[in-house]
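Data block below; observations after.
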Amino acid sequence: MSAMNKALQILQDRGFIKQCTDYEGLSALMDREPVTFYVGVDPTGKSIHIGHMVPFFAMHHLQNEGHHPIALVGGGTSLIGDPSGKSELRQMLTVEQIQENSSSLKAQLGTVVDFTAKEGSGKGQAIMLNNYDWLGDLNYIEFLRDIGKHFSVNRMLTFESYKQRLERGLSFIEFNYQLLQSFDYLTLYREHGCRLQIGGDDQWGNIVAGIELVRKIESAECFGLTFNLITRADGHKMGKSEKGAVFLDPEMFSPYDFYQYWRNVNDADVIRFMKLFTFLPLEEIATYDTPKVNINEAKERLAFEQTKIIHGIEEAEKAKDAARSMFGGVPSEAAREGLPSMTIPLSQLEAGIGVIELFVMSTLCKTNSDARRLITQGGAMIQDKKVEDVKLIVDSSWADQGEMILRAGKKRYFRIIVSA
RNA sequence: GGGGAGGUUCCCGAGUGGUCAAAGGGAGCAGACUGUAAAUCUGUUGGCUCAGCCUUCGAAGGUUCAAAUCCUUCUCUCCCCA
């Protein structure tokens, strides 16, 4: 292969690329002119999680090289559900819910894709579209006649994603997903000159179908580029944590927990994730990729950079300081501030509160049984003193300077503030 | 429309009248070991006023001293035929 286009090369070097419909053709096109490209976003939730972010990090790099990103909200297609990689039909949402979700998604994507880029900035211009705008009032007969005739059921059934679903059941609705996504591509080509679709490798089939459709109808050549589906070394799904999906929305997943998620990645994943999920130059990443460097420094850097991108530098600093101090022994004032907390009146504390009740109140434990278990197993601590007795009554003598820190296990803290 | 197979605790999946709060695995939680990692080992995972008691096995009834297990109706899912 001759020298690859710079933007493509960046993606290649950072470990994004899984496959491309035509490396040389795409590379040549990108050398020649800024390319408009798109990736689909699923608006079924009000927040995306980091597992969904890979294509957008890729988008960031492409935008930086002057190409024009389109983030396509699947407002129309999500009313249907994509069978790719899913074992079940997903929940259908109302149009209103989807519209609502879309706007918060834009803000989140804005952390890596610059929707405000102006001419002359060297960056490509980014826009966000919603395919509901053209799918919403499609005419069924026309659609079948113009689009449907280009699809072979025999062919579709050979796609891996459909094959799998045939085992378990696939509704006709979902089966149409590919047509709609292909129609998206066609529409974007026609109206925005879009020539490239990127996405996770699970989208390969749909992407290829779209390219074929554009070729058949418009006799134009478009391209597709897919990225590695990110897995974790331990086999867990990317973006899932013990606290649930790692959402970007700080209300749903706090910046501190977000930081911790990255801080705790598997050793084997650190360098790979740095390349994919931060904008650090590769040369700098390389300095961490040696046995001489303490792997924990690398993890801290990864966590910091990633948190900075998503939540901003202030939150990143706060999370880092909090993490350091929480794990370094005595929590600093700032770290304590950052803990989840609740206030109880002094009078109540003076009267005495059972430990079990206290832990449940703190939300550290879900039920009394849960709290009882935690204590029995030696995981409950108040002010760093292990709670041995399930029946312990906690009173004001436990508090220090008007507060006390509860701890469940090694990583979960809670701060009780005593009000006079 | 006809026929068949099923719905079990967070998930998968045993369990066909009492010994079932229900095997096993996954996942989670806690402990040990560590590096806030992984792997490993141990304990634990319905609730409660916790050596006992109460509520669970799609839903509602029924049979029985006793039901997740038997009967009836309903409901949902999947498969085959039309």
Side-chain angles (χ1 to χ4, degrees), chain A residues 83 86-91 164-174 231-246 254-274 288-289 291-304 306-307 319-332 335 338-339 352-360 362-382 384-393 405-414:
Chain A
K86 307 271 188 325
S87 53
E88 282 168 38
L89 179 63
R90 64 177 128 170
Q91 204 192 345
Q164 282 170 12
R165 285 302 303 274
L166 280 179
E167 315 265 318
R168 294 187 64 96
L170 172 68
S171 85
F172 181 68
I173 283 190
E174 291 176 272
T231 52
R232 299 195 334 188
D234 61 10
H236 281 84
K237 264 206 188 128
M238 187 66 200
K240 300 284 182 202
S241 78
E242 55 282 358
K243 290 185 188 335
V246 182
S254 79
Y256 175 77
D257 288 330
F258 186 84
Y259 178 93
Q260 283 299 317
Y261 180 81
W262 295 99
R263 179 63 185 76
N264 284 316
V265 296
N266 195 293
D267 289 6
D269 292 329
V270 180
I271 299 301
R272 198 160 55 98
F273 286 178
M274 273 186 158
Y288 287 100
D289 193 9
K292 271 179 271 171
V293 175
N294 182 339
I295 188 83
N296 284 310
E297 279 174 39
K299 288 184 185 180
E300 200 168 66
R301 187 67 192 276
L302 169 66
F304 180 77
Q306 174 61 202
T307 309
K320 185 167 93 176
D321 291 343
R324 278 192 175 165
S325 102
M326 290 318 293
F327 287 94
V330 189
S332 67
L339 294 176
I353 304 173
V355 246
I356 290 184
E357 195 187 340
L358 190 64
F359 270 80
V360 173
S362 75
T363 68
L364 246 22
C365 294
K366 278 196 274 300
T367 63
N368 291 5
S369 298
D370 193 20
R372 189 182 296 272
R373 223 173 279 135
L374 181 74
I375 295 164
T376 312
Q377 298 188 133
M381 272 174 252
I382 300 175
D384 250 13
K385 276 198 283 287
K386 191 190 275 186
V387 177
E388 308 275 2
D389 182 8
V390 174
K391 299 211 166 84
L392 177 74
I393 301 294
I405 303 293
L406 307 189
R407 199 173 135 190
K410 267 180 282 217
K411 298 179 187 172
R412 288 149 59 220
Y413 293 84
F414 195 91

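Every chain is numbered from 1, with letters handed out A, B, ... down the list of sequences.
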Determine which nucleotide pairs with [N], using a 3.5 Å limit on both distances of a Watson-Crick or G-U wobble pair.
N     : answer
B:U49 : none
B:A21 : none
B:A14 : none
B:G6  : B:C76
B:U63 : none
B:G43 : B:C29

Within the structure shown, what part of the strands sits under 4.0 Å from [X] by heavy-atom distance: base, sugar-phosphate, or nothing?
X        : answer
A:Thr367 : sugar-phosphate
A:Asp267 : base
A:Arg263 : base
A:Ala323 : base

Which whole number of Å gives the distance between the [atom1] atom of [N] and that of [M]?
N     : M     : atom1 : answer
B:A14 : B:G26 : C1'   : 15 Å
B:G6  : B:G15 : P     : 11 Å
B:C78 : B:U63 : P     : 35 Å
B:G24 : B:U44 : P     : 11 Å
B:U69 : B:C20 : C1'   : 11 Å
B:A60 : B:U75 : C1'   : 10 Å
B:A37 : B:A23 : P     : 30 Å
B:G61 : B:C80 : P     : 36 Å

[Y] and [X], any side-chain heavy atoms less than 4.5 Å apart:
X        : Y        : answer
A:Met326 : A:Leu339 : yes
A:Gln306 : A:Phe258 : yes
A:Gln260 : A:Lys411 : no
A:Ile405 : A:Phe414 : no

How about A:Ser254 and A:Asp257: does a side-chain donor come under 3.5 Å of a side-chain acceptor? yes
When the distance from [atom1] of [X] to [atom2] of [N] is rounded to whole Å, what number comes out?
X        : N     : atom1 : atom2 : result
A:Arg372 : B:A51 : CZ    : P     : 8 Å
A:Arg272 : B:A38 : CZ    : P     : 15 Å
A:Asn266 : B:U36 : CG    : C1'   : 13 Å
A:Phe273 : B:A37 : CZ    : C1'   : 13 Å
A:Asn294 : B:U36 : CG    : C1'   : 12 Å
A:Asn368 : B:C54 : CG    : C1'   : 15 Å
A:Ile375 : B:G31 : CD1   : C1'   : 15 Å
A:Tyr259 : B:U36 : OH    : P     : 13 Å

How do A:Asp370 and A:Arg407 order along RNA chain B: which one's closest nucleotide is nearer the 5' end? A:Arg407
5'-most contact on RNA chain B: A:Gln260 or A:Ile356, nearest heavy atom basis? A:Gln260
For the residue pair A:Phe359 and A:Met381, what are the closest heavy atoms and their distance? CZ-O, 3.7 Å
Of the candidate nucleotides [options], which contains the atom at the shortest distance from the side chain of [X]?
X        : options             : value
A:Ser369 : B:U36, B:C29, B:C48 : B:C48
A:Leu374 : B:A38, B:A30, B:C48 : B:A30
A:Asn264 : B:G35, B:U36, B:U49 : B:U36

A:Lys299 pairs by side-chain hydrogen bond (donor to acceptor under 3.5 Å, both in side chains) with which of A:Asp267, A:Asn294, A:Asp269? A:Asp267
Taking N and O atoms by type only, does the side chain of A:Gln377 place a donor or acceptor under 3.5 Å from a partner on the base of B:G31? no
Has the side chain of A:Lys410 got a donor or acceptor that lies under 3.5 Å from a partner of the other kind on the base of B:U34? yes
Residue-phosphate contact under 4.0 Å: [X] side-chain N/O, [N] OP1/OP2:
X        : N     : result
A:Arg373 : B:C50 : no
A:Asn296 : B:A37 : no
A:Lys320 : B:U36 : no

Test salt bridge (Lys or Arg N to Asp or Glu O under 4.0 Å) on A:Asp321 and A:Arg324; report intermediate values, then the result. CA-CA 5 Å; A:Asp321 291 343; A:Arg324 278 192 175 165; 5.3 Å; no
